[in-house]
Amino acid sequence: MQCLLWLLSLWILCLLWPGCLGQLVRIPMQYQASFMASRRQHRAGRSSLLAKYNVVGGQDITSRNSGATETLDNRLNLEYAGPISIGSPGQPFNMLFDTGSANLWVPSAECSAKNRACQRHHRYNSSASSSYVPDGRRFAIAYGTGSLSGRLAQDTVSIGQLVVRNQTFGMAMHEPGSTFVDTNFAGIVGLGFRAIAEHRIAPLFESMCDQHLVDECVFSFYLKRNGSERMGGELLFGGVDKTKFVGSLTYVPLTHAGYWQFRLDGLEVGGTIISQNRQAIADTGTSLLAAPPREYLIINSLLGGLPTSNNEYLLNCSEIDKLPEIVFIIGGQRFGLQPTDYVMSVANDDGTTICLSAFTLMDAEFWILGDVFIGRYYTAFDAGHRQIGFAPAA
Ligand SMILES: *[C@@H]1O[C@H](CO)[C@@H](O)[C@H](O)[C@H]1NC(C)=O
Ligand SMILES: *[C@@H]1O[C@H](CO)[C@@H](O)[C@H](O)[C@H]1NC(C)=O
Ligand SMILES: *[C@@H]1O[C@H](CO)[C@@H](O)[C@H](O)[C@H]1NC(C)=O
Ligand SMILES: *[C@@H]1O[C@H](CO)[C@@H](O)[C@H](O)[C@H]1NC(C)=O
């Protein structure tokens, strides 16, 4: 009897403590439908991706210093967003959850009235938060079109029912050009590792783990490729949701814990292996699949694509069902993409619909797997064990 009472009280205590019983915290993602509206956006999406990874020549990502450069030029990169709140009482923000960067920033209430991107979104007012702690340091993140800059602050960040204390983040006073004007999010939650963070600030997820808010130091993405604003998928903190994928997750170790970088065993197009032993990065902050030059050329010519002067490959929209499956081999398992996954229909400059290959050029020797891949394959980002896992999304 005493034992039972003891268990019961333990259970009640457990209910009151979010980290107990491996509780999972679900953050609904909003999907910006018809985001890939135009060819211009497709182009801008590509250039912003290149700027984000600071790609110059065949530079190696591992030898480069912290991720000082990242770009989001337009809605192309901003498909999935979800809510957080900062301060006491909480000030709400809609945020982009980006595994391809590692800083958290929101617009500041003190930004200039002339800065449209800032004025269009919710702004963090430090004077209205009793838990705000000034930091004093300046921060700047270089984007293709200019730099995002402001000051650092420390405050409480709430996400779902998780309350992260003493989180350092950026209050943006200046947001460059038109980059963030039309976005469905106010700021970015970088989910990469500290090694690529400005000022080496502990990223939000690292704080969450350090403060034992999650049982397992894992988050996972379930992205609906054909979602809606209200049902775009889910970001889960603290583990994985077995109902959202088929079979079991294939885990591979990270080759470098900065980006979510891992080894790609090989790539197969229509039954032929076209490359082996490459590095890849899982990036929820882009929709595209960026390939190294050699693979970019091989794949797109195997697809019968017509190259354009903008590094795009045009595909014949009426012949899409004849295109091959393209298989990524990761951890010895096959992860295939069908033409419906990798062909993007976009509105041409003259209003007609054209089909473009999602395989875009990365002038570097690594792959970026964006939402085209992560939407098809449920992805578990296991920071605790420095590994990443994939399984077909349900
Ligand atoms: C910030 O909050 C303070 C305190 O609530 C308020 O007086 C001030 O007007 C707010 N500033 C802005 C720019 O909204
Ligand atoms: C946050 O900072 C305060 C003041 O430095 C400290 O007392 C508190 O323990 C910290 N909380 C966490 C969860 O780190
Ligand atoms: C996506 O949604 C649209 C509108 O609901 C529908 O017409 C289309 O068939 C869906 N496509 C897929 C691949 O599910
Ligand atoms: C696209 O494919 C259709 C059907 O196979 C063919 O009739 C048409 O000529 C092709 N269009 C182009 C531009 O090659």
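Order of listing sets the numbers, starting from 1, for every ligand and every atom in it.
- Checking atom 7 (O) of ligand 1 against the protein gives no heavy-atom contact under 4.0 Å.
- Ligand 2 has no nitrogen or oxygen under 3.5 angstrom from a nitrogen or oxygen of Q211.
- For atom 9 (O) of ligand 2, the nearest protein heavy atom (residue, atom name, distance) is N166 ND2, 4.8 Å.
- From the protein, the heavy atom lying nearest to atom 10 (C) of ligand 1 is N125 ND2, 2.4 Å.
- Below 30°, between 30° and 60°, or above 60°: for F169 and Y124 the angle between ring planes is above 60°, a perpendicular geometry.
- Distance from atom 5 (O) of ligand 4 to its nearest protein heavy atom, with residue and atom name: E319 OE2, 2.6 Å.
- Salt bridge status for R278 with D265: absent, with no side-chain N to carboxylate O gap under 4.0 Å.
- Taking the six-membered ring where tryptophan is involved, the planes of Y377 and F373 are tilted, since the angle between them lies from 30° to 60°.
- In this pair, H122 and F93 present their aromatic rings perpendicular. The plane angle is above 60°, beyond the 30 to 60° band.
- For atom 13 (C) of ligand 4, no protein heavy-atom neighbour is present inside the 4.0 Å cut-off.
- For the pair K244 and Y222, the cation sits on the ring face: its NZ or CZ lies under 6.0 Å from the ring centre, inside 45° of the axis.
- Side-chain contact annotation: T156 with Q167, donor-acceptor N/O pair under 3.5 Å absent.
- The shortest contact between atom 4 (C) of ligand 1 and any protein heavy atom is with S127 O, 4.1 Å.
- Proximity of atom 2 (O) of ligand 4 to the protein is indicated by at least one non-hydrogen atom lying closer than 4.0 angstrom.
- With salt bridges taken as basic N to acidic carboxylate O contacts below 4.0 Å, none links E110 and R123.
- N316 ND2, 2.9 Å is the protein heavy atom nearest to atom 11 (N) of ligand 4.
- Interface of S318 with ligand 4, defined as ligand atoms under 4.0 Å from a residue heavy atom, comprises 1 (C), 2 (O), 3 (C), 4 (C).
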Test log, rule side-chain contact (heavy atoms from CB on, under 4.5 Å), inputs E198 and L152 = CA-CA 11 Å; E198 278 299 294; L152 293 178; over 6 Å; no
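- Against a heavy-atom cut-off of under 4.0 Å, R165 is close to the following atoms of ligand 2: 13 (C).
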